[in-house]
Amino acid sequence: MRIAEIHLTPVAIPDKPLLNCKGVHQPYALRTVIEVICDDGTVGLGESYGSTKALEGLRRAAPALIGLDPFHLHELKSRVITALPEGGGINARSAVADHKLTDVVASAFEVPCLDIQGKLLGRPVADLLGGAVRSSVSFSAYLFFKFGAHVGQEQDTWGEVLTPEQMVAEARVMIKAHGFRSLKLKGGVLHPDLEIETMLKLREAFPDHPLRIDPNGGWTVETAIHVARKLESVLEYLEDPVIGTDAMAEVAAATSIPLATNMIVLEFDQIAEVFRKRAVQIVLSDHHYWGGLRASTHLGKLCETLGLGVSMHSNSHLGITLAAMVHVAAATPNLSYDCDTHYPWIGVDVIEGAPFTFSDGALTVPDGPGLGVTLDRDSLAELAALYKQADMKERDDTAYMKQFDPGYERRVPRW
Ligand code: GKR
Ligand code: MG
């Protein structure tokens, strides 16, 4: 059994004008859909980033994987490293955090190989990761302040969300539609006092929902400590309040709220330093850059050993990613927080049948072979056509924000 063909299809998925500390989401988010086909016709699916560096890395590594046994995942990694000798990161130079190209590419191809293995064995991917320890995986509502409409477009159904009251209304809609049991606010957007007020209003409206806020490093240490003091008994965790290990350690020393990160710990060799400095209490996994699904379960084990918590990060994504997240979350025993997902903001998919439906904020772990999803070719063709039409090859939230506010400048920290 060998890999005979690989198809990479960049797609553009319609997104909403969601705000973060770098700007605002563009009308489309970019992803790459991956099909790995074996010589017996078995197909494995994957999904990864769609920006230029990631896509080029996938395209350059793909030929090196032809002829590979889909069970030989160490060999997969070394072929990827050989195919991309200059390595480097995938994000823009101005990004505060970067992801290693070789990890991103190896992760992207590992998932379809596991999908193939599962199909050949007649077992779900979770079984290849040690087996599911839970039959369903819970997700949090991912709340964003947002503009009402994209440039030149009609207002979307969510409308504008720029005040604490509007955010409570957004949370109500999310909870009503999907049953989420915990709430994450993308912060670093409004003045910190307004974001504190927002969290307090969410607490009042939803007394039993665990709450978290993530300003993506948009605050100074002083601001972060101020916010933490006001929200001491309100948050289950505070995510990336500041940038840098020393700054995180300073905030951590000043609050009893656990600090979580997907910005200062993105690779295994960064864990020792944050652990030594007590800068972080919870690490967010993400199979797209941690090295794949197996590496994510290894991260879980390492965090357990070190007494750190594990939660899960997401970017705008489709159902292939969501399926992979569900399998790995099910097979990570100490993943004790609800996972992040952008899925409810997207509303389209490339998988066959209805999109995933959350019940009480959770998804059932598929028990069929592999990931348990198949491609809807018409939808894939539609989103691939959108990619070709869209005048966009990179995510640039700051450039798009300037179309709303020409004087806007990216500042980290902002507040
Ligand atoms: O979609 O704006 C966004 C998020 O800010 C995303 O880019 C982050 O990677 O969700 C992510 C996070 O937790 O930092
Ligand atoms: Mg984050």
Side-chain angles (χ1 to χ4, degrees), residues 13-31 48-51 54 89-92 94-99 104 139-147 150 158 161 170 174 182-190 195 211-219 224 235-244 248 251 257-266 270 274 279-290 309-318 321-322 325 337-346 394-401 410 412-414:
I13 52 182
D15 197 2
K16 303 287 184 293
L18 308 178
L19 295 159
N20 57 35
C21 80
K22 291 193 298 191
V24 57
H25 286 206
Q26 292 148 282
Y28 300 105
L30 306 178
R31 302 292 280 175
S48 186
Y49 307 109
S51 58
I90 62 159
N91 292 340
S94 57
V96 192
D98 207 353
H99 305 115
V104 165
F139 289 83
S140 60
Y142 204 154
L143 307 175
F144 282 85
F145 291 107
K146 65 182 288 297
F147 293 142
H150 279 296
W158 292 89
V161 181
E170 178 183 291
M174 276 268 179
S182 54
L183 309 174
K184 164 170 171 170
L185 177 67
K186 177 75 358 173
V189 174
L190 305 184
E195 295 192 352
L211 302 178
R212 27 183 125 142
I213 179 168
D214 172 15
N216 285 115
W219 297 333
L235 299 182
E236 71 168 337
Y237 62 72
L238 176 55
E239 188 174 318
D240 289 311
V242 292
I243 287 296
M248 284 284 274
V251 179
I257 305 171
L259 299 193
T261 187
N262 63 275
M263 296 184 76
I264 65 161
V265 184
L266 303 98
Q270 293 167 335
V274 295
V280 161
Q281 288 71 47
I282 298 161
V283 178
L284 272 62
S285 76
D286 181 329
H287 69 269
H288 301 89
Y289 58 79
W290 272 99
V310 195
S311 190
M312 197 185 284
H313 165 260
S314 88
N315 272 310
S316 307
H317 64 89
L318 293 164
T321 274
L322 189 58
M325 288 166 75
Y337 297 96
D338 295 348
C339 303
D340 289 358
T341 179
H342 286 60
Y343 197 66
W345 291 107
I346 298 300
E394 299 292 346
R395 174 178 177 177
D396 192 341
D397 296 9
T398 309
Y400 188 45
M401 183 61 132
R410 179 164 180 223
V412 182
R414 174 167 300 279

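Atoms considered below: every heavy atom in the structure, side chains included; atoms not considered: hydrogens, waters and symmetry mates. Quick caveat, the model's predicted, so the values are computed rather than measured. Order of listing sets the numbers, starting from 1, for every ligand and every atom in it.
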Under 4.0 Å, heavy atoms only, figure out whether ligand 1 is touched by the backbone of [X], its side chain, both or neither.
X: D214; result: side chain
X: H342; result: side chain
X: K184; result: side chain
X: N216; result: side chain
X: N262; result: side chain
X: S314; result: backbone

Enumerated ligand 1 atoms positioned under 4.0 Å from heavy atoms of E239
12 (C), 13 (O)

Counting each atom of ligand 1 from 1 as listed, which ones have a heavy atom of N20 under 4.0 Å away?
2 (O), 3 (C)

When you measure from the side chain of [X] to the backbone of [Y], do you find a donor-acceptor pair of N or O atoms at a distance under 3.5 Å?
X: W345; Y: Y142; answer: yes
X: N262; Y: H313; answer: no
X: S140; Y: S182; answer: no
X: Q26; Y: D396; answer: yes
X: N216; Y: G218; answer: no
X: T398; Y: K22; answer: yes
X: D98; Y: I90; answer: yes
X: Q281; Y: L259; answer: yes

Answer yes or no for [X]: is there a heavy-atom contact with ligand 1 below 4.0 Å?
X: H25; result: yes
X: L18; result: no
X: R395; result: yes

Test: R395 and D15 ion pair at under 4.0 Å
no

Is any side-chain N of the basic residue among E170 and K146 closer than 4.0 Å to the acidic one's carboxylate O?
no

What's the shortest distance from [atom] to any protein heavy atom, and which residue and atom give it?
atom: atom 6 (C) of ligand 1; result: N315 OD1, 3.4 Å
atom: atom 9 (O) of ligand 1; result: H313 NE2, 2.8 Å
atom: atom 5 (O) of ligand 1; result: K186 NZ, 2.9 Å

Given H25, which of Y400, F145, F147, F144 fulfils the ring-ring contact (aromatic ring centres under 6.0 Å, His included) condition?
F144

Looking at the Mg ion (ligand 2), is one of the N, O or S atoms of M263 less than 2.8 Å from it?
no

Where the Mg ion (ligand 2) is the corner point, what angle links OD2 of D214 with OE2 of E239, to 10°?
80°

Got an N/O contact under 3.5 Å between Y142 and ligand 1?
yes

Between S316 and ligand 1, does any nitrogen or oxygen pair lie at a separation below 3.5 Å?
no

